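Report on the structure given below.
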Amino acid sequence: MPAACDSVLEDIEDIVSAQDPKPHDRQFVRKNVFPKVRKRSSQQNTQTDDDPPSDSIIPGVQKIWIRTWGCSHNNSDGEYMAGQLAAYGYKITDNSAEADLWLLNSCTVKNPAEDHFRNSIKKAQEGNKKVVLAGCVPQAQPRQDYLKGLSIIGVQQIDRVVEVVEETIKGHSVRLLGQKKDNGKRLGGARLDLPKIRKNPLIEIISINTGCLNACTYCKTKHARGDLASYPIEELVDRAKQSFQEGVCEIWLTSEDTGAYGRDIGTDLPTLLWKLVEVIPEGAMLRLGMTNPPYILEHLEEMAKILNHPRVYAFLHIPVQSASDSVLMDMKREYCVADFKRVVDFLKEKVPGITIATDIICGFPGETDEDFQETMKLVEQYRFPSLFINQFYPRPGTPAAKMHQVPAAVKKQRTKDLSQLFHSYNPYDHKVGERQRVLVTEESFDSNYYVAHNPFYEQVLVPKDPVLMGKMVEVNIYEAGKHFMKGQPVSDARVYTASITRPLAKGEVSGLTEVSKR
């Protein structure tokens with residue numbers, strides 16, 4: 001078990017005085033600090049200054065393994081935490097076994113995700129690893145038994161991860177769960193210009209706001225992320241500019257509800273998007289994240305214009321969750337099925353070829369067979385190319401957990417039925433033979449192809465030719481599957497470099513000045 005204090009410290013100020021230097025103050029003088037090498041017997045290998053003993057209590061020299069579950073917002077938080085730790089001197093490792101500390105960044109949307117999180121904590125403890133917990137699970141329920149004695153970094157406190165890790169390595173248990181505020185007003189979170197290690201150096205994930213305006217009865221994320229708090233437009237534009245200067249060629253805007261952006265600070269999503277497209281270089285692309293129906297309805301005209309912009313993917317993720325108005329009412333989703341259809345129909349008309357992705361929950365409490373059949377009809381009508389099917393799991397502390405539950409066997413069967421319907425059609429067969437423009441940004445899971453996306457954010461697999469990575473190319477579609485197409489680059493077409501400068505190397509820290517890099 002990791003060492004822990006008898007009493008949990010609620011804030012790092014309990015052990016760090018105002019006169020003590022902060023980690024940030026010490027960051028650029030670390031070259032003068034050398035770990036003392038312990039003497040070893042002649043049979044043992046001698047540790048060097050560059051590779052201190054794993055039980056050293058000198059912070060900033062240990063190896064840290066970071067595991068993130070959940071949404072792109074959570075992934076962005078994980079990238080920021082990795083960047084700050086690496087900038088301070090910690091080594092971020094992909095090998096959990098060699099790590100001295102595990103930073104576990106959790107998701108609270110579903111029971112299975114929390115189960116994986118809990119099992120990882122247990123595994124870390126069994127391996128005598130130091131542990132720091134982050135993400136929505138400990139933020140929402142910090143007093144759960146299996147979190148006792150462990151350090152926690154709250155979702156709005158990720159800019160202080162170095163301090164928490166440092167004290168955890170020393171054997172303290174520290175918890176930072178407060179909210180960022182300015183004159184009493186809640187802020188979107190930590191600064192956007194913090195050091196960061198992008199999982200993919202070509203893709204920047206920008207959180208435009210945190211929290212939401214809804215109170216869905218099944219949602220646990222609300223307990224962690226809270227009410228809506230948006231970042232100012234100028235900060236988001238500056239972050240986008242910085243990303244492009246570091247070789248990024250694709251930006252993802254993320255939040256718990258992008259459609260609600262700006263309502264707390266007197267602006268709105270279209271205003272932000274028009275400002276962002278002004279700074280997107282030719283060949284680079286912007287992808288908009290999830291938006292709930294209520295907050296996009298009033299912006300349909302402007303959103304259609306933006307989604308038709310050549311540097312914005314014609315893609316929108318709009319969760320419907322159910323096609324039954326009675327179920328939506330029990331969920332407190334604040335819209336009816338007709339609202340959802342109005343959004344989809346309008347965008348399909350005004351943005352030809354647009355990809356609409358959606359989510360559906362099977363077996364929500366009180367859902368009848370008739371309710372479920374309405375959902376099946378909706379999917380049959382729109383034949384969504386991207387559909388996230390979720391069997392309902394009651395999350396502790398949510399109103400839905402106290403409702404009359406649908407039997408497990410029924411939930412399982414409905415999930416199976418909807419999955420079968422979804423797999424009964426192929427959305428891309430009619431595109432075989434087309435010539436498409438695609439942006440290549442990553443490698444496929446099986447490592448056999450590079451992954452690109454066309455203007456509708458449909459996945460196109462292309463040959464694994466290093467020349468193509470980070471490029472905008474034209475391809476001929478020669479094959480289609482359920483979730484992808486395959487394309488062959490057109491030999492006489494121009495290959496356009498989307499990045500305006502050389503991308504950072506994988507694992508390289510974003511946001512550091514030349515002085516700090518030295």
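Because the structure is predicted, anything quoted here is derived from the model rather than measured.
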Discussion item. Testing the basics here: between Leu177 and Gly154, what is the closest heavy-atom pair and its distance to 0.1 Å?
Written reply: CD2-CA, 4.0 Å

Discussion item. Could you check whether Lys305 pairs with Glu302 (Lys NZ or Arg NE/NH1/NH2 to Asp/Glu carboxylate O, under 4.0 Å)?
Written reply: yes

Worksheet item: Side chains of Ser324 and Ser326: is there a donor and an acceptor less than 3.5 Å apart?
Response: yes

Discussion item. I'd like to know if the side chain of Asn75 pairs up with that of Thr68 as donor and acceptor (distance under 3.5 Å, no hydrogens or angles considered).
Written reply: no

Response to the item:
With Met485 as partner, the option from Asp429, Asn454, Val432 fulfilling side chain to side chain contact (heavy atoms under 4.5 Å, CB included) is Asn454

Item to complete: Name the orientation class of the two ring planes belonging to His317 and Phe388 (parallel below 30°, tilted from 30 to 60°, perpendicular beyond 60°).
Response: tilted

Practice prompt. Can you see which heavy atom on Asp264 is nearest to which on Ala229, and at what distance?
Written response: OD2-CA, 3.2 Å

Discussion item. With side chain to side chain contact (heavy atoms under 4.5 Å, CB included) as the test, pick out the partner of Ile208 among Leu192, Leu272, Thr254.
Written reply: Leu272

Practice prompt. Could you tell me whether Asp145 and Lys148 have a side-chain N and a carboxylate O separated by less than 4.0 Å?
Written response: yes

Fill in: Donor + acceptor pair across side chains of Tyr80, Arg191 (<3.5 Å)
no

Worksheet item: Going by distance alone, is a donor N or O of one side chain under 3.5 Å from an acceptor N or O of the other, for Tyr146 and Glu114?
Response: yes

Worksheet item: Shortest non-hydrogen contact from Ser96 to Trp102?
Response: O-NE1, 3.0 Å

Worksheet item: Any side-chain donor-acceptor pair under 3.5 Å between Gln459 and His483?
Response: no

Discussion item. Under 3.5 Å, is there a donor on one side chain and an acceptor on the other for Tyr449 and Lys486?
Written reply: yes

Discussion item. Taking the six-membered ring of Phe422 as reference, does the cationic atom of Lys482 (NZ for Lys, CZ for Arg) lie under 6.0 Å from its centre and within 45° of its axis?
Written reply: yes

Discussion item. Are Glu246 and Glu204 packed together at the side-chain level, in the sense that at least one heavy-atom pair is separated by less than 4.5 angstrom?
Written reply: no

Discussion item. Looking at Glu374 and Lys377, is there a salt bridge between them, counting it only when a charged N and a carboxylate O are closer than 4.0 Å?
Written reply: yes

Practice prompt. Start with the C-alpha distance between Gln413 and Asp417, add both sets of side-chain angles, then the distance that settles side chain to side chain donor-acceptor pair (under 3.5 Å), and finish with yes or no.
Written response: CA-CA 6 Å; Gln413 185 60 48; Asp417 291 346; 2.8 Å; yes

Discussion item. When you compare the side chains of Tyr295 and Asn214, does any donor N or O come within less than 3.5 Å of an acceptor on the partner?
Written reply: yes

Item to complete: Report yes or no: is the cationic atom of Arg287 (NZ for Lys, CZ for Arg) under 6.0 Å from the centre of the six-membered ring of Tyr457, at an angle within 45° of the ring normal?
Response: yes

Worksheet entry | Donor-acceptor pair between Tyr382 and Asp345 side chains, under 3.5 angstrom | yes

Worksheet item: Applying the side chain to side chain contact (heavy atoms under 4.5 Å, CB included) test to Ile389, which of Leu418, Ile361, Val379, Asp359 qualifies?
Response: Leu418

